[in-house]
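Okay, structure first, notes after.
Just so you know, ligand 1 is whichever comes first in the structure, and atom 1 is the first atom listed for that ligand.
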Amino acid sequence: MKIHNYSAGPCILPPEVLRKASDAVVNFNGTGLSILEMSHRSKEFVAVMDRARALVKEALQVPDHYEVLFLQGGASLGFYISALNYMKAEGGKSAYVNTGSWSSKAIKEAKRVGTVDVLASSEGENFNHIPKGFEIPSGVDYFHFTSNNTIYGTQYRDLPTSPVPMICDMSSDIFSRPINVSDYAMIYAGAQKNLGPAGATVYIIDPEKLGKTGRDIPAMLNLQTHIDKESMFNTPPVFSVFVSMLTLEWMLEQGGVEAMQRVNQQKADLIYSEIDQNPLFEGKTSVEDRSVMNATFDLVNEEHKAVFDDLWQKAGISGIKGHRSFGGYRASMYNALPLDSVAALVDVMRVLKSKV
Ligand SMILES: *Cc1c(COP(=O)(O)O)cnc(C)c1O
């Protein structure tokens with residue numbers, strides 16, 4: 001049976017990417033070696049790294065002078081790396097918006113490094129919306145936000161701009177829509193939502209905004225180290241970089257981020273219109289901030305849970321249980337999830353209505 005994979009991350013990848021990846025695990029490009037047993041300094045792998053970095057630039061129309069890195073440590077290390085590389089050693093100050101667990105963790109790491117001004121937060125309302133109308137002060141070293149809140153299912157539909165260097169954790173919606181990269185000093189994203197398998201974190205960096213902290217940054221946490229070594233300072237996560245490259249190729253063949261945005265919007269329209277029309281279900285976030293990537297919803301009446309859970313499991317749907325901190329259901333609809341998987345879930349929601 002076809003499995004409709006709604007996992008929140010690591011998550012669905014395109015079938016042809018999985019096939020190419022599995023071929024390369026046995027024999028990479030006819031070399032007779034597995035991608036897993038080759039030197040990262042081999043000319044074959046250096047070409048993979050160069051191509052992956054170039055495809056990120058192509059996909060998001062990244063300005064020429066920006067750098068693209070594939071590092072380890074997840075977006076979770078990115079929280080600390082952001083603060084270390086952009087907050088001044090003396091009197092360092094930063095501004096954050098708190099829209100969920102990931103922003104909260106980013107704020108916590110930044111507080112180890114310097115002063116954090118939380119401009120706005122939706123924590124008091126269980127992160128069910130994106131705060132609006134906050135003003136980014138000009139006297140801070142940088143402004144940080146999380147574009148899509150994977151757990152709560154909210155997303156900045158209009159992205160902010162900033163008078164100070166802007167940093168964004170785009171882990172769960174990078175490559176889902178066109179963005180204006182030149183608005184950002186840095187974008188970072190764990191690969192395992194829209195890009196590839198876990199293990200790599202992509203960083204898109206304006207190098208002109210680096211090196212202004214007066215701080216002695218450990219080599220591995222210093223973005224300049226990795227820029228100078230073209231993302232090869234130490235052994236990179238080779239398999240994750242390779243599969244990310246394959247996913248970028250797939251995405252560009254489909255028509256790039258514009259095509260992704262079009263299909264993602266169709267998927268989101270389909271599920272949210274069912275949530276709104278079907279009296280058995282309700283959305284968990286404010287309508288205007290609904291995420292195109294992660295739709296969170298719940299049953300109006302808990303008594304229907306056993307029947308609903310049985311129905312979707314029998315339909316081959318996997319991974320729609322909500323995050324433990326938010327409950328309910330969460331349909332993660334990353335780029336690789338086809339529209340017919342969303343149609344299958346909506347069918348089940350309609351069947352439930354006809355049954356009760
Ligand atoms: C998944 C996720 C993270 C955490 O990523 P790790 O790679 O596990 O560190 C951070 N931010 C957002 C928005 C996420 O969705």
Side-chain angles (χ1 to χ4, degrees), residues 5-13 56 69-85 96-110 112 121-123 127-131 143-157 159-160 166-177 179 184 186-204 220-221 223 226 236-237 239-241 243-244 247 264 284-285 289-296 319-326 330-337:
N5 182 1
Y6 279 95
S7 175
C11 59
I12 186 165
L13 289 168
V56 169
L69 305 175
F70 284 90
L71 305 181
Q72 304 196 47
S76 299
L77 188 60
F79 302 155
Y80 190 51
I81 285 180
S82 303
L84 269 186
N85 284 267
Y96 282 67
V97 175
N98 188 5
T99 52
S101 313
W102 299 119
S103 321
S104 302
K105 287 179 176 167
I107 290 166
K108 191 172 167 198
E109 295 307 303
R112 299 180 201 279
S121 170
S122 48
E123 188 170 15
F127 297 120
N128 68 0
H129 68 285
I130 302 279
F143 165 65
H144 179 288
F145 73 107
T146 314
S147 53
N148 182 69
N149 301 288
T150 327
I151 294 173
Y152 303 91
T154 62
Q155 184 178 29
Y156 286 80
R157 307 308 297 274
L159 290 160
M166 184 160 77
I167 300 177
C168 183
D169 171 8
M170 253 182 227
S171 291
S172 52
D173 68 352
I174 193 166
F175 304 119
S176 70
R177 56 178 167 181
I179 51 167
Y184 299 83
M186 180 171 85
I187 294 166
Y188 63 103
Q192 71 273 21
K193 311 277 170 42
N194 247 348
L195 182 56
T201 311
V202 65
Y203 288 76
I204 303 170
M220 274 295 284
L221 302 180
L223 293 169
H226 298 287
F239 189 62
S240 182
V241 173
V243 181
S244 296
T247 311
N264 288 333
K284 287 174 73 76
T285 68
D289 300 323
R290 282 173 165 176
S291 168
V292 168
M293 295 278 97
N294 313 92
T296 52
I320 63 163
K321 209 166 153 291
H323 189 271
R324 60 188 182 279
S325 64
F326 202 45
R330 170 175 53 171
S332 296
M333 304 176 289
Y334 297 118
N335 284 352
L337 186 85

Please answer whether the main-chain N or O of Leu221 pairs with a side-chain N or O of Asn85 as donor and acceptor at a distance below 3.5 Å. yes
Give me the nearest non-hydrogen protein atom to atom 9 (O) of ligand 1 as residue plus atom name, then the distance to 0.1 Å. Ser76 OG, 2.6 Å
Under-4.0 Å heavy-atom contact with ligand 1, by part of Asn149 that carries it: neither
Please report the closest heavy-atom contact between Gly196 and Ser244, naming both atoms and the distance. CA-OG, 4.0 Å
Just jot down the ligand 1 atoms closer than 4.0 angstrom to any heavy atom of Asn148, in number order. 13 (C)
Numbered atoms and elements of ligand 1 in range of Gly74, under 4.0 angstrom, heavy atoms: 7 (O), 9 (O)
Which atoms form the tightest heavy-atom contact between Met186 and Ser82, and what is the distance? CE-OG, 3.5 Å
Kindly say whether Ile130 contributes a backbone atom to a donor-acceptor pair with the side chain of Asp289 at under 3.5 angstrom? yes
Is the shortest N/O to N/O distance between Ala75 and ligand 1 below 3.5 Å? yes
Decide side chain to side chain contact (heavy atoms under 4.5 Å, CB included) for Val292 and Gln155; before the verdict, give the C-alpha distance in whole Å, the side-chain angles of both, and the deciding distance to 0.1 Å. CA-CA 7 Å; Val292 168; Gln155 184 178 29; 3.6 Å; yes
Do the side chain of Asn335 and the main chain of Phe175 share a donor and acceptor less than 3.5 angstrom apart? yes
Numbered atoms and elements of ligand 1 in range of Thr146, under 4.0 angstrom, heavy atoms: 13 (C)
Would you tell me which option among Lys193, Gln192, Met293 has the nearest heavy-atom contact to atom 6 (P) of ligand 1? Gln192
Protein heavy atom at shortest distance from atom 15 (O) of ligand 1: Thr150 OG1, 2.5 Å
I'd like to know if the side chain of Ser7 and the backbone of Pro10 have a donor-acceptor N/O pair within less than 3.5 Å. yes
Nearest non-hydrogen contact with atom 11 (N) of ligand 1 belongs to which option: Leu77, Asp169, Asn194? Asp169
